[in-house]
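If you read the sequence from its start, that first residue is 1, and numbering goes on from there.
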Amino acid sequence: MRFDRSDGVFCHVTSLPGAYGIGDLGEGAREFLSFLGDAGVDHWQICPIGPTISAAGESPYQSPSAFAGNPLFVDPDGLVDDGWLDAADLEPVPDFPTDRVDYDAVREYKLPLLRTAFERFEERASEADRAALDAFREREPWLADYALFRALSDARPEDVWTDWPEALRTRDPDALADAREEHAREVRFREFVQWAFDRQWRDLRAVAADEGVSIVGDVPIYVALDSADVWASPEAFRLDDGNRPTAVAGVPPNAGDTGQRWGNPLYDWERLAETGYDWWLDRFRRLFELADVARLDHFLGFVKYWAIPADSDDPADGEWREGPGRDLFEAVERELGEAPFIAEDLGFEEPAMDELMAEFGFPGMRVPQYADWCAAGNEYQPMHYGEGVVGYTSTHDTDTWVGYFEDLPAEQRDCFRYNVGAEPDDPPEWAIIDEVWASDAILAVTTLQDLLGLGGEARFNEPGTLAGNWEWRVTRDALDDAIAEQLWELAGKHVR
């Protein structure tokens, strides 16, 4: 097992408190880490931290880069401290809502600040600052293609890159050289923003380490089609001669549904194997620059994956294909050592997946919202969790525990209380937190919403919908000392 018995809290960066409309890497994040430190929490779990786009509903799982950081997370006060902004540049701060993110308003405020900071850097940066940015460029080989991709995307906002002129779409060297010259200033701006993000994130990670908190990052198995990843590394994906997908990801129909067509391009695992999985190793290296632990989303896809012809809209037209399995993770261990992965294995029964997880010691996930509380021995009831799992009270994709509990049939609520020994007037959120913490699960994780006892109005994401997701935020006042103390006592009680 790659973990000690421990606990964690999920709260995505966007949800942190702060003055600028969205959680960022500034004071609100440090206050949250102080709250976790006071509570004795071992892990802070987040969603992917890449850039988001409004066309994808701001989903962190449909980012234009698997390597870059979200510019909206850059703390304006940190740019003032660096000398790239003046305090007066931040005024007036709009009257942002404190309980949710208005992404359009945040972009309208923050993006001009980032451009002003870049212009100041261009005008007055010292040799040491310029050398630091050059060192970042050299250290991060993905950066040049990402910056050019975003510059070209901005120049053609109505198109995805598969609609670009052929020379750009297929990465003709002369066309790329011309584009870099034409968009040189925008490319430098994009590189500067990523440097600023990287500096601030590393500072925040140091604060987390001082508080005794490790960061659990998130790796979506698939990347967005309209991303620098696919455009810059077409050889890693199953594309045709024009660099367009030949097949896309999804899941097959099951009883009661027609399946799902996600549309993400699929990996060319055979070609990746020939390179020693270099693209994936680069992705994991970048991740472990930013996080201590990684949750691998849709872990089944590493074992087998559903491939739907790109010209079909019907998931039933797909077929199962074999993934890389142990070969990939042996390559990871050779290059990176014993990487601490959590496998998201929810909803699928596949012996080969279970065997792979057991071989490498990757814990799976258990979420009690999937439990039948009146069925003896149900595997999603926390008292039946084994050591080789991470037990959650809720996830970013489920309702909050209170929202879930309020919608439960009365019989299921009664069975839940009976199973966990809760009285009718006991707060249901603390009853489930106590039960998950008491379980044999190697890691026990709750969401910040569940810690605060919030209902369905605080749900973070509802899969299959675009509007209203990824918006919930916590206020500074909600990070209460009494809650931290209660969580601290619970960890001591259950030896976490």
Side-chain angles (χ1 to χ4, degrees), residues 11-38 44 46 49-51 68-96 98 101 103 105-140 143 147 185 188-213 215 286 289-291 473-476 479:
C11 178
H12 190 38
V13 178
T14 55
S15 297
L16 296 173
Y20 303 114
I22 189 171
D24 59 29
L25 309 183
E27 181 183 1
R30 293 189 290 272
E31 290 179 346
F32 175 69
L33 286 169
S34 177
F35 168 81
L36 295 185
D38 290 345
W44 170 28
I46 55 178
I49 54 176
N70 193 333
L72 301 183
F73 293 171
V74 175
D75 171 33
D77 291 322
L79 297 176
V80 173
D81 293 340
D82 288 336
W84 313 131
L85 291 177
D86 299 325
D89 294 324
L90 308 187
E91 301 296 337
V93 178
D95 187 19
F96 292 115
T98 59
V101 180
Y103 284 93
V106 169
R107 281 193 177 88
E108 186 177 343
Y109 173 72
K110 275 200 164 184
L111 295 186
L113 291 177
L114 293 174
R115 291 198 177 272
T116 298
F118 166 68
E119 290 163 4
R120 300 263 176 79
F121 177 88
E122 291 265 287
E123 293 167 1
R124 54 170 110 152
S126 67
E127 288 301 316
D129 288 326
R130 295 184 193 279
L133 177 51
D134 286 341
F136 177 67
R137 290 187 180 106
E138 184 175 349
R139 190 183 79 225
E140 303 297 340
L143 181 63
R185 187 172 181 83
R188 294 198 307 274
F189 166 68
R190 295 288 179 173
E191 291 173 338
F192 168 81
V193 171
Q194 288 304 309
W195 177 58
F197 172 92
D198 192 81
R199 283 157 51 98
Q200 290 190 1
W201 184 269
R202 289 171 186 271
D203 287 346
L204 188 65
R205 191 176 177 190
V207 173
D210 288 343
E211 295 287 355
V213 177
I215 297 175
R286 176 59 176 163
E289 289 178 0
L290 304 174
R473 293 185 71 201
V474 67
T475 62
R476 283 183 171 86
L479 301 177

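- Here the straight-line distance linking atom CZ of F189 with atom CD of Q194 works out to 10.0 Å at 0.5 Å rounding.
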### Task
Could you give me the CA-CA distance, side-chain angles and deciding distance for L79 and L113, then say whether side chain to side chain contact (heavy atoms under 4.5 Å, CB included) is met?
CA-CA 9 Å; L79 297 176; L113 291 177; 5.7 Å; no

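- A donor-acceptor pair under 3.5 Å is absent between the side-chain atoms of R188 and the main chain of E122, judged by distance alone.
- Counting heavy atoms from C-beta outward, E27 and D77 have side chains that stay 4.5 Å or more apart.
- At least one donor-acceptor pair closer than 3.5 Å links the side chain of Q200 to the backbone N or O of D75.
- The two residues P76 and L90 come nearest to each other via the heavy atoms CB-CD2, 3.7 Å.
- The shortest side-chain heavy-atom distance between R185 and E119 falls under the 4.5 Å cut-off.
- When all heavy atoms of P51 and G69 are compared, the closest pair comes out as CG-O, 3.5 Å.
- Going from atom CZ of F35 over to atom CH2 of W44 covers 13.0 Å, rounded to the nearest 0.5 Å.
- Between the D86 side chain and the A88 main chain, no donor and acceptor come within less than 3.5 Å of each other.
- The closest donor-acceptor contact from the side chain of S34 to the backbone of R30 lies at 3.5 Å or more, if one exists at all.
- Counting only heavy atoms from C-beta outward, the side chains of I22 and T14 approach each other to under 4.5 Å.
- E108 CD: 12 or fewer foreign heavy atoms inside a 6.0 Å radius.
- Using a 4.5 Å cut-off on side-chain heavy atoms (C-beta onward), D129 and W84 make contact.
- Considering D38, L16, V474 as possible partners of L479, the one that fulfils the side chain to side chain contact (heavy atoms under 4.5 Å, CB included) test is V474.
- Residues G37 and V213 come closest through the heavy atom pair N-CG2, 4.5 Å.
- Shown here is E138, whose CD atom has no more than 12 heavy atoms of other residues, nucleotides or ligands within 6.0 Å.
- Between R202 and D198, at least one side-chain nitrogen of the basic residue sits less than 4.0 Å from a carboxylate oxygen of the acidic one, meeting the salt-bridge criterion.
- Taking every heavy atom of both residues into account, L133 and E191 meet most closely at CD1-O, 4.0 Å.
- When atom types are taken as modelled, the side chain of W201 and the backbone of L25 share no donor-acceptor pair closer than 3.5 angstrom.
- Look at R120 and E123 and you find no salt bridge, because none of the NZ, NE, NH1 or NH2 atoms lies under 4.0 Å from a carboxylate O.
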### Query
Would R190 and V193 satisfy side chain to side chain contact (heavy atoms under 4.5 Å, CB included), going step by step from the backbone distance to the final call?
CA-CA 5 Å; R190 295 288 179 173; V193 171; 5.9 Å; no

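- Inter-residue side-chain proximity for D89 and E91 is flagged as unmet; no heavy-atom pair is nearer than 4.5 Å.
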### Message
Please evaluate residues W195 and L143 with respect to the criterion side chain to side chain contact (heavy atoms under 4.5 Å, CB included), reporting the C-alpha separation (whole Å), side-chain torsions for both, the decisive distance (0.1 Å), and the verdict.
### Response
CA-CA 10 Å; W195 177 58; L143 181 63; over 6 Å; no

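- Across all their heavy atoms, R205 and I215 have their closest contact at CG-CD1, 4.1 Å.
- Between the R473 side chain and the G18 main chain, a donor and an acceptor come within less than 3.5 Å of each other.
- F192 does not carry R115 over the face of its six-membered ring by the limits of under 6.0 Å from the centre and within 45° of the normal.
- When the side chain to side chain contact (heavy atoms under 4.5 Å, CB included) test is applied to P94, the partners found at least two apart in sequence or on another chain are F96, Y109.
- With sequence neighbours excluded, the residues forming a side chain to side chain donor-acceptor pair (under 3.5 Å) with D24 are K110, listed by chain and number.
- Taking each heavy atom of R130 and R124 in turn, the nearest pair found is NH2-N, 4.4 Å.
- Here L33 contributes atom CG and L204 contributes atom CG; the two are 5.0 Å apart, rounded to the nearest 0.5 Å.
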### Message
Working note: V74 + Y20, criterion side chain to side chain contact (heavy atoms under 4.5 Å, CB included); need CA distance, chi angles, decisive distance, verdict.
### Response
CA-CA 10 Å; V74 175; Y20 303 114; over 6 Å; no

